[in-house]
Amino acid sequence: MEYDFRKIEKDWQKNWKESNAYKVNNDSPKPKYYVLDMFPYPSGAGLHVGHPLGYIASDIYARYKRLKGFNVLHPMGFDAFGLPAEQYAIDRGIHPAISTENNINTFRKQLDNIGFSFDWSREVRTCDPKYYRWTQWIFLQIFDSWFNRRKGKAERIKELVGIFETEGNASHEIPNEKFQIANTGKRIFTAHEWKAFDEKTRQEILMQYRLAYLAYTDVNWCEALGTVLANDEVINGVSYRGGFPVVKKKMRQWSLRITEYAERLLKGLGEIDFSDSMKEIQRNWIGKSSGAEIDFKVSSEASSEKSLRVYTTRPDTIFGVDFMVVAPEHEIVSEITSAAQHSAINEYLQYVQSRSDIERMAEVKKITGCFTGAYAINPLNGRKIPVWISEYVLIGYGTGAIMGVPCGDERDHKFAKHFGIPVTNIIGDHYNGEEANPTKDAVLTNSDFINGMAMRDAIEVVIKRIEESGIGKRQVNYKMRDAGWSRQRYWGEPFPVVYKDGIPYAMDEKDLPLELPASNDFKSAGNGEGPLANVKEWVRINENERRDTNTMPTHAGAAWYFLRYADPHNDIQFADKKALDYWNQVDVYIGGAEHAVAHLLYSRLWVKILHDLGYLNFDEPFRKLINQGQITGDSRFVYRIRNTKQFVSYKLKNNYETDQLHVDVNIVDGLELDTAAFKKWKPDFADAEFILEDGKYICGTAIEKMSKSYFNVINPDEVVDKYGADTFRMYEMFLGPLEASKPWDIKGIEGVHRFLKKLWRLFYDEVKGKVLNEEKANDAELKVLHKAIKQIEEVTERFSFNTGVSGFMIAVNELSDLKCHKKEILEKLLILLTPYAPHVAEELWHQLGNNGSILDAAYPVYDSKYLIESSKEYPISVNGKLRTTMNIALDAAQPEVEKIVLENEVIQKWLDGKSPKKIIFVKGKMVNIVI
RNA sequence: GCCCCGGUGGUGGAAUUGGUAGACACGCAGGACUUAAAAUCCUGUGACCCGCAACGGUCGUAACGGUUCAACUCCGUUCCGGGGCACCA
């Protein structure tokens, strides 16, 4: 009987489906464990071999945990709203709802082929109204919340209204900095005034506090896509999808006040198990810095004395300030510019306006600026310093103004040199006059009361001084901006609000979901309005009421889907509290590193808000995160001699002027092109001619991401068809560490396939048939088994699945060598193997006469006895170099071992008559002699 | 430029807290079975040296230096690769 993997896998997949083998209950006496994959966006291209990598890993872990006695939640769903489906609709005229449904079906079929243990009864799709009803509902909870900085948590808007009604906001706003709202046109009012405000004014004020708020903000507008993009969707000034130019534009749109959670998002990183690089990326994104804000008096001919506030992380350099720079957009510019500088400043402002973000980013090193004609006074020594404007100072960060310290800051130094501003040296020898030195270790000079002090220590001293004298204060800043939440798109969640008199009001919960209206018009309605504006009868509710024409970004549905899995069919709540409490945090979350900022931060934010509002009893969604690496493609190239039909082999290509073309990896064997297949591949190449080397056409290669357009995509279906799902699963793991990126290379798969066939032969011999027997296992066989149990359990626990696969190979090789066909041993090996190769393990386990699911079998227990008894070899080293090994009884006392070792011939030779200085025993099984 | 991660045979990669480097697999070479092929099995496979041989020796984890009885592992410097941020004061 042969290893007929096709039949085995088909039968078991059918069986699992029919028996609902992977359905999980919300109550169980077993401890819970939650293993989650980042749910996929169902793109039209289907899965390639890179996609299942993480799913295989999570499946192995989920099955392993179930074997170990946990009640395991391992669900799957689809992130089904999004841009590409809509783009596809525009290009091909197929409605996103239809193409999405089709794509999901394809994905599902491909996933089922690999034998995953997903509980499909819990599937979620973010585009399903039954699901997005609750996305909208959560949005309304966020809309109905504000962040109480005193308590450091979100509260309901009605609590805020209560504060306004009793004390107004004045007492909170100015003296109590903690309560202050940054960058909003805040107005101060008393309780009395609040009560006198009309409805519209009150709503406008509340909007300044809401965690989901509508405001005119600078947004990243992408004309080509006709929509706004979040900061994380813009890379180097172009859109992350499509690479189209992005410009800044002021638009009235929804934002999430994620900045209020900056500190908690940062602190939370300490409690969760993410990789260093992932935490680092989030930390950078949040971008915390601490320092001080300092007020400088500015005198100018144009106006009476003004105050200019700067932000600095280096208050210790205050005596090195040689000039001030404010952002061109800063409101003070027009107030202080002198008559003489007026035209120069205007010219400069025009220049700045003409520059796109892309230009600015491309020319970061370019130094530009203009003197305002005004002078500031250093508040600590009264020195008069010029005030400039320059585009290197950003209006959106800090106060939009800086103090220029050329001897300590590289940009300030270049600016001073460029414009001929004299440099004050406050760090003695540490400044060489040529370039700035940003050290914190220098001892200060030319610095008044902090002379002779180390810079590091002076920071605190100066902050204290400026706070005492009322010219500034300690200040923490974050680079992170609030998250833009409106998209001018059709295929997303509509905002569940109604506008009356321009003010958005939450829809009544019982009217949710606000369904996306049927429409076939996906083109932008112009004017920055999304396609929904085309559905006029939907937008206009009545004379006075209108709907929002934007939709939410894909991040919305993905920010909470992991909560819905706990109770996916609930239509009274987003999920039952008991179910949420039971499943709690995701124990292991596996997915790509590309979601480091967007998805993970928004998920963390939503969970924190829901936690503050009392819906969840945890405030971090993911306990542990694992980023699977990318499987890259191994592309092949051919070289066409320009303007001809001739293709030249790789080594000869430099003799001609050639164009490099991707060629389908499926018609290349190793490096050799199948020229006949190439001619058939595309009509263009039917009459291709080849210039060969050694009678072969050799292709060029490159490792790059798997993509249809590179013709380097390997479809898992084909691999599964040829070798089976179990081989495919084990091979993907065997390829290397889960977290590493690696090219897909089919060569090694034979080794894994051979292993499974070899395993099969422990049960069935081609000639003799079933060779399994019921004999009692001997120590050698038990040693093999127990070594495997120990090793495989250890590495599975730490997600080192590649060494796990090796562990099985070793065990099967050794059992083959021992000609062991004993049920006692093999049965346990199969249980160990289940997570990795579920089909063959389950099949053989049933052939052994077992019933039920192998996942409910008793997990084999490791017994150290068999390892210890068989390892009697002592390695003996001299000065750390291994010289010999000896058999010594393990229970021998240390002095006795010493004696035996020193009498050993080989060791005597190495001792060369000298007596040892020291004898070191390592872990009781290794000896090192120091001479 | 700054921050993070990494660099091990021809190849993918092993090596929990420093303790026999190169497990396992691919590839390659040789052999067995076979008319042949496939499949399967066996042997060898980091470099160099010594010898008829068993045995043995030296070097070797990007480079150099350090700590240690002992370093792929820890520390320092440099080089290379990958990722993140990028005028953030």
Side-chain angles (χ1 to χ4, degrees), chain A residues 2 236 275-285 287-289 291 310-314 317 325 327 360-361 363-367 390-394 396-405 408-412 414-415 438 477-481 593-594 596-597 627 629 670 731 734-737 739-743 745-752 754-755 757-758 761 766 791 794-795 797-798 800 802-811 813 816-817 873-885 906 909 916-923 925-931:
Chain A
E2 276 222 309
N236 293 328
S275 70
D276 288 348
S277 66
M278 201 55 40
K279 287 187 180 183
E280 191 62 22
I281 291 170
Q282 294 212 358
R283 258 184 228 116
N284 279 342
W285 187 260
K288 180 177 181 173
S289 74
V310 301
Y311 173 68
T312 178
T313 56
R314 297 295 302 273
T317 63
V325 188
R360 276 182 70 153
M361 280 183 209
E363 303 173 323
V364 159
K365 295 271 144 65
K366 193 169 166 183
I367 298 156
S390 173
E391 60 180 336
Y392 85 87
V393 175
L394 308 174
Y397 185 76
T399 60
I402 62 157
M403 53 186 219
V405 183
D409 184 282
E410 197 192 325
R411 291 154 308 171
D412 296 347
K414 286 194 173 131
F415 192 83
N477 265 327
Y478 301 92
K479 283 190 223 171
M480 185 167 64
R481 301 275 82 105
E594 67 274 16
V597 282
N627 298 114
Y731 183 56
F734 187 68
L735 225 39
E739 314 211 37
S741 277
K742 54 236 156 189
D745 174 9
I746 194 69
K747 274 187 298 188
I749 201 168
E750 294 285 351
V752 174
R754 249 171 240 158
F755 151 77
K757 285 195 279 193
K758 201 165 182 177
R761 283 198 303 273
E766 268 172 62
Q791 200 247 346
E794 228 170 64
V795 299
E797 279 293 348
R798 59 180 160 100
S800 180
N802 53 335
T803 42
V805 175
S806 300
F808 287 112
M809 289 179 172
I810 295 166
N813 283 345
S816 288
D817 290 348
E873 288 272 290
Y874 261 87
I876 316 292
S877 317
V878 178
N879 281 346
K881 276 209 196 315
L882 181 77
R883 293 308 177 190
T884 189
T885 58
V906 180
K909 194 187 114 200
K917 275 188 202 142
K918 206 171 20 166
I919 299 178
I920 295 161
F921 284 74
V922 183
K923 291 179 188 170
K925 60 163 195 177
M926 186 181 166
V927 178
N928 186 29
I929 302 160
V930 186
I931 51 175

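Order of the sequence lines fixes the chain letters, A, B, ..., with proteins taken first and strands second; residue numbering starts at 1 for each chain. Everything numeric here is computed off the predicted structure, so don't read it as measured data.
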Student: Could you work out, with side chain to side chain donor-acceptor pair (under 3.5 Å) as the rule, every residue matching K288(A), not counting sequence neighbours?
Tutor: E263(A)

Student: Taking all heavy atoms of S877(A) and all of M926(A), pick out the closest pair and write down the distance.
Tutor: OG-CE, 3.6 Å

Student: Just checking N477(A): base, sugar-phosphate only, or nothing, at a heavy-atom cut-off of under 4.0 Å?
Tutor: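 N477(A): no heavy atom of the nucleic acid under 4.0 Å.
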
Student: When we call it a touch if two heavy atoms are under 4.0 Å apart, what does L735(A) touch: a base, just sugar-phosphate, or nothing?
Tutor: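 Since only primed, P, OP1 and OP2 atoms lie under 4.0 Å of L735(A), the category is sugar-phosphate.
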
Student: Nearest-Å distance, CD1 (I281(A)) to C1' (G84(B))?
Tutor: 5 Å

Student: Report the residues that fulfil side chain to side chain donor-acceptor pair (under 3.5 Å) with S800(A), sequence neighbours left out, ordered by chain and then residue number.
Tutor: N802(A), T803(A)

Student: Counting any heavy atom closer than 4.0 Å, what does K917(A) reach on the DNA or RNA strands: base, sugar-phosphate only, or nothing?
Tutor: nothing

Student: Look for any protein N or O under 3.5 Å of an N or O in nucleotides 64-74 of chain B and output each such pair with its distance, or none.
Tutor:
unit_1	atom_1	unit_2	atom_2	d
C69(B)	O2	N928(A)	ND2	2.2

Student: Got a sec: does the CD of E594(A) have more than 12 other heavy atoms crowding it under 6.0 Å?
Tutor: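 It does: E594(A) CD has more than 12 such atoms within range.
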
Student: Partners of D409(A) by side chain to side chain donor-acceptor pair (under 3.5 Å), sequence neighbours excluded?
Tutor: R411(A)

Student: Could you state the atom-to-atom distance from OH of Y397(A) to P of C87(B) in whole Å?
Tutor: 12 Å

Student: What is the distance from CG of N627(A) to P of G6(B), rounded to the nearest Å?
Tutor: 14 Å

Student: Considering only A89(B), A25(B), C42(B), which nucleotide approaches the side chain of M809(A) most closely?
Tutor: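 Out of A89(B), A25(B), C42(B), the nucleotide with an atom closest to M809(A)'s side chain is A25(B).
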
Student: Would you classify V325(A) as touching base, sugar-phosphate or nothing, given that sugar-phosphate means primed atoms plus P, OP1 and OP2, and contacts are heavy atoms under 4.0 Å?
Tutor: nothing

Student: At 4.0 Å (heavy atoms only), tell me whether L394(A) reaches a base, stays on the sugar-phosphate, or touches nothing.
Tutor: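 Base, at least one base atom sits under 4.0 Å.
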
Student: Heavy atoms only, 4.0 Å cut-off, all strands: where does P743(A) land among base, sugar-phosphate and nothing?
Tutor: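 Nothing: the residue P743(A), judged by heavy atoms under 4.0 Å, touches no strand.
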
Student: Just the dot-bracket of RNA chain B, please: which string comes out with Watson-Crick or G-U pairs under 3.5 Å, [ ] for crossing, | for another strand?
Tutor: (((((((..(((......[....)))((((((.......))))))((((......))))..(((((..]....))))))))))))....

Student: Under 4.0 Å: is that the gap between some side-chain N or O of N802(A) and OP1 or OP2 of A14(B)?
Tutor: yes

Student: By the 4.0 Å heavy-atom rule, please label K279(A) as base, sugar-phosphate, or nothing.
Tutor: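 The residue K279(A) makes no contact with any strand.
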
Student: Can you label the angle between the Y311(A) ring and the Y397(A) ring as parallel, tilted or perpendicular, going by 30° and 60°?
Tutor: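 Ring orientation of Y311(A) relative to Y397(A): perpendicular.
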
Student: Look at atom NZ of K747(A) and say whether more than 12 heavy atoms of other residues, nucleotides or ligands are closer to it than 6.0 Å.
Tutor: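 Counting neighbours around NZ of K747(A), 12 or fewer heavy atoms of other residues, nucleotides or ligands fall under 6.0 Å, so no.
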
Student: Any protein N or O atoms within reach of nucleotides 26-29 of chain B? Criterion: under 3.5 Å, listing atom names and distances.
Tutor:
unit_1	atom_1	unit_2	atom_2	d
C26(B)	OP1	R754(A)	NH1	2.4

Student: Any heavy-atom pair between the side chains of M278(A) and N627(A) that's under 4.5 Å?
Tutor: yes

Student: Rounded to the Å, how far apart are E410(A) CD and A89(B) C1'?
Tutor: 13 Å

